[in-house]
Amino acid sequence: MTVRTRVAPSPTGDPHVGTAYIALFNLAFARQHGGQFLLRIEDTDQQRSTPESEQAILDSLRWLGLEWDEGPDVGGPHGPYRQSERGDIYLSHVQQLLDKGCAFKCYRTTAELNELRIRREAEGKNTALKASDLELPAEEVARREAEGAPFVIRMRVPEEGICVVNDMLRGPIELDLAQVDAQILLKSDGMPTYHLANVVDDHLMAITHVIRGEEWINSAPKHKLLYEYFGWEMPQLCHMPLLRNPDKTKLSKRKNPTSIMFYERMGFMPEALLNYLGRMGWSMPDEREQFSRDEMFANFDIQRVSLGGPVFDVDKLRWLNSLWLRALSPEAFCEKFASWGLRAENMLPLVPHVQPRVDVFSDVVPLAGHFLAGLPMVTAEQFEHKAYDEEKRLQTLQFGLWQLEAIRHWDKPEIEQRLFALAGQLELKVRDFLFPFFIAIAGTSSTISVLDSMALLGPDMSRARLRVAIDVLGGVGKKRLKKMEKDYFVVARAIDQQLADKIAGE
């Protein structure tokens, strides 16, 4: 048997360090056994998936030194490797389940589902929704079908019983089938959910070992049932411990930068970041802190993975990166620094904004130094402005951050459109509105357009700098966050309507 593993990220945002973490352990396991490693793009979420995000995934994983034997860009015998291109495959397999009676069409509306859940809660029922709860009488199904009513396809799940899932690290795990819902397999738009596509693709791509995050343990019974319904052998499962913030909560961008490209933009060495991810729940036999990718592969043993939640500590990562930097020769240091910060393809987009503003080369750094910086050292005093009180400053930056997080295609027109619409909703003059963004992004208002700066810095670094600024201004605690989210919902809905009206009028 040839060992085959995979990583299957969704192209719906900045490439996540958690993706790199799982990819690294899948690649290490495959290389340990002389096997193959695949990259599959799970882009069934058509509303949020973008080509830019997919390219960022490819670029960031390659920057780290993670390479795949088969994938959307390199091809292979088991393609296509984008789920959006495999629609007919999923439809044929769903039909198999319908024909076997292992799945059913569900015509329940959103309102009916909500009413059903409320009634079950009032009755004290704490089990998952099953086919017996959801299926309508045959005549009602026929009526809705004749009317062309939308439907989803759900899998049938036993009402009770225990499902035993064997895990490479945990051994047998017992899960109560009464708590497993009749999972949607095919959405009303004809696109598969993760659960169907994951099982079908893993089987057709001959995946032998599925190494994934432990958040998928509760979904394992659904996957095991699907393998049984199709009559296929299930791959071996290995659920890795989740990465944690220093406070032991699940790693999140609110408390830690999670974008891989943020660390590239900050000037971390890819060898150091990969080294650090390799230490997340695993260690070399001799317990040394610093090791290369190939050294990890040569010594890898999945049984050495610890189930305790590994803490992703940026300060510890900086320390480890310093070891890699100080081991470089002066020549290598200069070469890598120039490649990071002064490479022509990185500088060229900046030049049109800087060149008209300088008289001598020494003017460049004060004007554009924030492009070679990490996170600016700013103080609350720098944000003081006649248009803002403390609460208004925080609200403006937080609302701005949420608007920037909603951008699918990161470019200046999209940034400008979103932020200027927000300025209008907050009844602020654009010049006053942009002031705190200048400070957050560049540390000064005496620089090039902050919109151009954000477009050039990219989404990961721009959003990270705004989060730092919000923290400097006192942060948004749970109580304040709840109120802000309520107020933002009204503002965001108005902005979305405004942008939709604009598109309709063009």
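Just so you know, residue 1 is the first one in the sequence shown, and it goes up from there.
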Are the side chain of [X] and the backbone N or O of [Y] linked by a donor-acceptor pair below 3.5 Å?
X    : Y    : answer
T258 : V17  : no
D43  : S84  : yes
D167 : H239 : yes

How long is the gap from [atom1] on [X] to [atom2] on [Y], to the nearest 0.5 Å?
X    : Y    : atom1 : atom2 : result
S322 : L317 : OG    : CG    : 10.0 Å
S449 : I441 : OG    : CD1   : 11.0 Å
F383 : F438 : CZ    : CZ    : 13.0 Å
L24  : L274 : CG    : CG    : 5.0 Å
R357 : Q355 : CZ    : CD    : 12.5 Å

Problem - Lys/Arg N to Asp/Glu carboxylate O, K187 vs D45, below 4.0 Å - result: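 No, K187 and D45 are not salt-bridged.
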
Practice task
Flag the pair E427 and K392 as a salt bridge only when some basic side-chain nitrogen lies within less than 4.0 angstrom of an acidic carboxylate oxygen.
Solution key: no

Which residues share a side chain to side chain contact (heavy atoms under 4.5 Å, CB included) with [X], sequence neighbours left out:
X    : result
E215 : L242
N218 : L175
S60  : P15, I260, M261
A128 : D181

Exercise for the section: Take the angle between the ring planes of Y388 and H385 and call it parallel below 30°, perpendicular above 60°, tilted in between. Expected result: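 The rings of Y388 and H385 stand perpendicular, inter-plane angle above 60°.
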
Problem - Parallel, tilted or perpendicular, as decided by the 30° and 60° cut-offs, for the rings of H195 and H223 - result: tilted

Problem - Worked verdict on T5 versus L27 for side chain to side chain contact (heavy atoms under 4.5 Å, CB included) - result: CA-CA 7 Å; T5 65; L27 178 57; 6.0 Å; no

Which atoms form the tightest heavy-atom contact between [X] and [Y], and what is the distance?
X    : Y    : value
G443 : Q382 : O-NE2, 3.1 Å
Q498 : A421 : NE2-CB, 3.9 Å
V354 : A368 : CG2-CB, 3.8 Å

Side-chain polar contacts of residues 297-304 - donor-acceptor pairs under 3.5 angstrom, sequence neighbours left out - could you list them?
residue: N299; atom: ND2; partner: E295; partner atom: O; Å: 2.8
residue: D301; atom: OD1; partner: Q303; partner atom: N; Å: 3.0
residue: Q303; atom: NE2; partner: M168; partner atom: O; Å: 3.3
residue: R304; atom: NE; partner: S283; partner atom: O; Å: 2.9
residue: R304; atom: NH2; partner: S283; partner atom: O; Å: 3.4
residue: R304; atom: NH2; partner: S283; partner atom: OG; Å: 3.0
residue: R304; atom: NH2; partner: M284; partner atom: O; Å: 3.1
residue: R304; atom: NH2; partner: E287; partner atom: OE2; Å: 3.4

Exercise for the section: Any pair with a residue in residues 463-495 that passes ring pair (Phe, Tyr, Trp, His ring centres under 6.0 Å), sequence neighbours left out, goes on the list, sorted by first then second residue, please. Expected result: F399-Y488, W402-Y488

Practice task
Decide if the gap between the ring center of Y21 and the ring center of F25 is smaller than 6.0 angstrom.
Solution key: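 For Y21 and F25, the ring centres are under 6.0 Å apart.
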
Problem - Output field: ring centroids Y276/F312 closer than 6.0 Å - result: yes

I'd like to know if the side chain of [X] pairs up with that of [Y] as donor and acceptor (distance under 3.5 Å, no hydrogens or angles considered).
X    : Y    : answer
N275 : E271 : no
D294 : S292 : no
Y81  : E70  : yes

Practice task
Kindly indicate whether the side chain of W68, heavy atoms from C-beta on, has any atom under 4.5 Å from the side chain of R6.
Solution key: no

